[in-house]
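Chain letters run A, B, ... following the sequence lines, proteins first, then strands; residues in each count from 1.
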Protein chains: 2
Amino acid sequence: MGTKQQITERITALLKDSKLSVTETRVKILELFMKSNGALEHSDIETQTGQSFDRVTVYRTLQTFLDKGIIHKIPTTDTSVRYAVCKSECTEHDHHDHHVHFKCESCGNTTCLDETNIPEISLPKGYAMHNVEVVVSGVCKTCK
Amino acid sequence: MGTKQQITERITALLKDSKLSVTETRVKILELFMKSNGALEHSDIETQTGQSFDRVTVYRTLQTFLDKGIIHKIPTTDTSVRYAVCKSECTEHDHHDHHVHFKCESCGNTTCLDETNIPEISLPKGYAMHNVEVVVSGVCKTCK
DNA sequence: CATATTTTTGCAACAGAGTTGCATTTTATT
DNA sequence: AATAAAATGCAACTCTGTTGCAAAAATATG
Ligand SMILES: [Mn+2]
Ligand SMILES: [Mn+2]
Ligand SMILES: [Zn+2]
Ligand SMILES: [Zn+2]
């Protein structure tokens, strides 16, 4: 993981690479993502920052990170929106997170299974495939 | 497809099989699902019924259909919730819709690809799989 | 068919999520 | 240190979904 100092440096570098100003909000939210072993939703961030940032700022920060390819969304069947840091080489408008997501029915955590690859899917004739999202639900190894 | 009369009879039978009262709202909403070639969200139903039913009734009707295994949800990466009729033998609390969903980036429609089956996915050790959701995005055959 | 019972509906009121405009503050540039 | 550019916080608003309750509709019963 690295010391707190090293993490802050990595975050600063990441923000500068993405041509973003280094602000308290952005550093803090990225820290949360990096410490967390699962996906976060907006309310998690509000809770874990202890309401030190305005709701609106959190929304705008998440949108900015999405735009810059720093985080990606994970599909759900409810109205919640979950985000996780991109591990591949994602850039602006060009995400490369082709991995499986796992939602644990016991602890509720959603995690990226980066090592699990998505098998080929053959669509009916006439369909062009751009992206595949796979979300597996079940029980994670921690809850087993 | 069948005549309008035949569709109404099929819907009435379906509701009775599910031990639900046959009401105007339920018949109308099921008609919409059966006519539609894609998934519907709450706002589609409100639009297409011309606000003849209360919002709350539509929410409750969708929840009832979900509970009874008449419709299923489709995951999205935004806050919207999409629903489609179950074609397999789904029953209360026991859905069997193991098929791929396709979201067209051109027309926006989401469809069930019932003929496309989901390939095996091998999870890391310690994970128990209960359900797999696959959502493919791209361009559908109509928009091609 | 008439009546009683059960279920569904519509309304009002509310809670939560997300958005927008704008003035103020912070960050980056010179 | 001064200036320009960008991000933040606040207020106000919209949109989505929920709950309690009385009225209406559907079903069950004789
Ligand atoms: Mn991921
Ligand atoms: Mn489906
Ligand atoms: Zn778990
Ligand atoms: Zn299309």
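- Aromatic pair H72(A)/H98(A): ring centres not closer than 6.0 Å.
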Return the polar atom pairs (N/O with N/O) between nucleotides 9-14 of chain D and the protein under 3.5 Å, or none.
residue : atom : partner : partner atom : Å
dG9(D)  : OP2  : D54(A)  : N            : 3.3
dG9(D)  : OP2  : T57(A)  : OG1          : 2.6
dG9(D)  : N7   : R60(A)  : NH2          : 3.1
dG9(D)  : O6   : R60(A)  : NH2          : 2.6

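- In this structure, the nucleotide among dT19(C), dG17(D), dT8(D) sitting nearest to the side chain of Y59(B) is dG17(D).
- Within the 4.0 angstrom heavy-atom criterion, only backbone atoms of the sugar-phosphate kind lie near T79(A); the bases stay farther away.
- For the side chain to side chain donor-acceptor pair (under 3.5 Å) test, residues two or more places apart in sequence or in another chain that qualify with Q5(B) are E9(B).
- Listed by first and then second residue, the salt bridge (charged side-chain N to carboxylate O under 4.0 Å, His left out) pairs involving residues 39-56 of chain B are E41(B)-R82(B) (not counting sequence neighbours).
- K16(A) pairs by the side chain to side chain contact (heavy atoms under 4.5 Å, CB included) definition with T12(A), V22(A), not counting sequence neighbours.
- D17(A) pairs by the side chain to side chain contact (heavy atoms under 4.5 Å, CB included) definition with nothing, not counting sequence neighbours.
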Interface polar pairs with nucleotides 25-29 of chain D, N/O, under 3.5 angstrom:
residue : atom : partner : partner atom : Å
dT27(D) : OP1  : V22(B)  : N            : 2.7

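- Between the axis at the start and the axis at the end of the helix from dC1(C)-dG30(D) to dT30(C)-dA1(D) there is an angle of 40°, using five pairs per end and rounding to 10 degrees.
- Ring pair Y59(B)/H42(B) is parallel by interplanar angle, where below 30° counts as parallel and above 60° as perpendicular.
- The distance from atom CG of L62(B) to atom P of dT16(D) is 14 Å, rounded to the nearest whole Å.
- Rounded to whole Å, the distance from CG on L66(A) to P on dT19(C) is 11 Å.
- Atoms NE2 (H42(A)) and P (dA15(C)) sit 19 Å apart, rounded to a whole Å.
- Residues that satisfy the salt bridge (Lys or Arg N to Asp or Glu O under 4.0 Å) test with E31(A), not counting sequence neighbours, are K4(A).
- Evaluation of the side chain to side chain donor-acceptor pair (under 3.5 Å) rule for S80(B) yields D78(B) as partners, not counting sequence neighbours.
- Contacts classified as ring pair (Phe, Tyr, Trp, His ring centres under 6.0 Å) and involving residues 115-144 of chain B (residues at least two apart or in different chains) are given here: F102(A)-Y127(B).
- Contacts of T23(B) classified as side chain to side chain contact (heavy atoms under 4.5 Å, CB included), with partners at least two apart in sequence or in another chain: S21(B), T25(B), R26(B).
- At whole-Å resolution of the value, NZ in K68(B) and C1' in dT8(C) are 14 Å apart.
- Atom pair L40(B):CG and dT16(D):P shows a separation of 15 Å (rounding to whole Å applied).
- Listed by chain and number, the residues in a side chain to side chain contact (heavy atoms under 4.5 Å, CB included) with A128(A) are V139(B), K144(B) (sequence neighbours excluded).
- Atom pair E46(A):CD and dA15(C):P shows a separation of 17 Å (rounding to whole Å applied).
- One interatomic measurement links the two molecules: CZ of F65(B) to P of dT8(C), which rounds to 11 Å at whole-angstrom precision.
- In this structure, the CD1 atom of I45(B) is 14 Å from the C1' atom of dT16(D), given to the nearest Å.
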